[in-house]
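Atoms within each ligand, like the ligands themselves, are counted from 1 in listed order.
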Amino acid sequence: MTGMICGTGACVPERILDNSEIAEFVDTSDQWIRERTGVEQRRIAREETTVSMAAEAGRQAVEEAGISPEDIDMIITATATPDQIFPCTACEVQKELGAVRAVCFDMNAACSGFLFAYQTAQAYIASGICRNILITGSERLSGIVDWKDRGTCILFGDGAGAALIRAKEGKQYLPFACSDGTGGSALTCPGYAGKQDGDQKVISHISMDGREVFQFAVRRVPEAVREVLKKNDLKTEDIDWFVLHQANQRIVEAAAKRLKTEIKKFPMNLQKYGNTSSASIPILLNELNRSGKLKKGQKLILAGFGAGLSWGASVLEWGI
Ligand code: ACO
């Protein structure tokens, strides 16, 4: 028995903030941001909340899977930017969707959040405890970005993505995941409080040693991919798509190079959305799915990395 993704969804805010607009309030330029990160624009939440985006993405995933909300056994929402401390985002999503039977909880592993939620869902399915699990990654990072810090404010964006995972007959792939708390100071946000009405009360901001995070990612992502391939007796050539957390184009390119794999197998959409943390993998997955690029039976690797520090990868077979 394994968990197969049977539906995906995504929701991003309407408001587009492009690089030239950022250059109006910090000392930067469209060219610098494109060259160093690949980002051209990002979405910024106005009316949208972490809950509303997660619920909309979740609704789409459930609809595509062709199940009813009452069939969902569990909802896991990966987020580092909940609208409130509690009730958790996943319970709010449950309420919005009418998923009355679901057990709901949030998971905060920053940019690794969706990957770890995926791995957790697989474990619940492998144990026979659950059959249908909705996982969402949803972030409103614009609320914790320091808009005066050009080193970080250019990177991030808001949005949500979701996947509905169902128990099916099939191969259970082993996951790979790691954390290193001793490296945590490279990327921090010490405290945060928000309100759902958009009037966020921010008590601290994202602080990052960009170079250190860059080096961490470039080293750990290929390592995680190799580890998960080894665990499952697979080679890089067996993989059709490498769906990496969308932090920086240079990180994705460096990973492809280290893995000696063509860059065309590493899809990217960070140009449009920036780094949406836990939402980046499911937003990209949804885009690939809805545009028909993913074919049934293809093998994918999902790889996440981020604050903690934390990182990991999973292999999956596309089932839609
Ligand atoms: N515009 C213009 N100049 C800038 C900007 C900017 N937005 N930001 C920094 N600079 C300047 C710096 O002040 C520095 O100037 P100096 O040489 O006079 O001191 C110069 O550009 C070079 O700065 P670096 O920090 O060395 O630039 P780098 O090439 O490393 O790029 C960046 C910075 C884009 C942040 C890069 O380090 C990076 O992408 N790191 C990874 C960070 C990341 O992906 N974080 C996401 C969070 S991780 C995750 O998703 C979990």
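- Of the N and O atoms on the side chains of Thr79 and Ser138, not one donor lies less than 3.5 Å from an acceptor on the other residue.
- Between Glu262 and Lys264 there is a salt bridge, since a side-chain N of the basic residue sits under 4.0 Å from a carboxylate O of the acidic one.
- Atoms of ligand 1 lying under 4.0 Å from at least one heavy atom of Ala247, given by number and element, are 44 (O), 50 (O).
- Of all atoms in ligand 1, listed by their number and element, those nearer than 4.0 Å to a heavy atom of Arg250 are 29 (O).
- For atom 11 (C) of ligand 1, the closest heavy atom belonging to the protein is Arg150 NH2, 3.6 Å.
- If you look at Ile33 next to ligand 1, there are no close heavy atoms at all, none under 4.0 Å.
- The nearest heavy-atom contact from the protein to atom 10 (N) of ligand 1 is Trp32 CZ2, 3.5 Å.
- In terms of protein heavy-atom proximity, atom 45 (N) of ligand 1 is nearest to Met208 SD, 3.2 Å.
- With salt bridges taken as basic N to acidic carboxylate O contacts below 4.0 Å, none links Arg250 and Glu253.
- Close approach to Ile251 involves these atoms of ligand 1, each under 4.0 Å from a residue heavy atom: 44 (O).
- Atoms of ligand 1 found under 4.0 Å from any heavy atom of Thr37 (numbered from 1 in listed order, with element): 34 (C).
- Shown in contact with Phe214 at under 4.0 Å from a heavy atom are these atoms of ligand 1, numbered in order with element: 38 (C), 39 (O), 40 (N), 41 (C).
- Residue contact annotation: Asn248 has a non-hydrogen atom under 4.0 Å from ligand 1.
- Closest protein heavy atom to atom 27 (O) of ligand 1: Arg36 NH1, 3.3 Å.
- For atom 46 (C) of ligand 1, the nearest non-hydrogen atom of the protein is Asn275 ND2, 3.2 Å.
- Using a 4.0 angstrom heavy-atom cutoff, Gly151 counts as in contact with ligand 1.
- A salt bridge does not link Arg46 to Glu14: none of the charged side-chain nitrogens sits closer than 4.0 Å to a carboxylate oxygen.
- Residue, atom and distance of the protein heavy atom nearest to atom 40 (N) of ligand 1 are Gly210 O, 3.0 Å.
- Residue contact check: Gly306 has heavy atoms under 4.0 Å from atoms 51 (C) of ligand 1.
- In summary, the atoms of ligand 1 found under 4.0 Å from a heavy atom of Leu187, numbered by their order in the structure, are 47 (C), 48 (S), 51 (C).
- Nearest protein heavy-atom contact of atom 24 (P) of ligand 1 is Arg211 NH2, 3.8 Å.
- Considering only non-hydrogen protein atoms, atom 1 (N) of ligand 1 sits nearest to Thr28 OG1, 2.6 Å.
- Within the cation-pi definition used here (under 6.0 Å to the ring centroid, within 45° of the axis), Arg43 does not qualify as a partner of Tyr273.
- For the residue pair Gln31/Asn19, the side-chain donor-acceptor check at 3.5 Å is not satisfied.
- Asp106 places a side-chain N or O within 3.5 Å of a backbone atom of Ala90 that can act as its donor or acceptor partner.
- For Asp27, the closest heavy-atom approach to ligand 1 falls below 4.0 Å.
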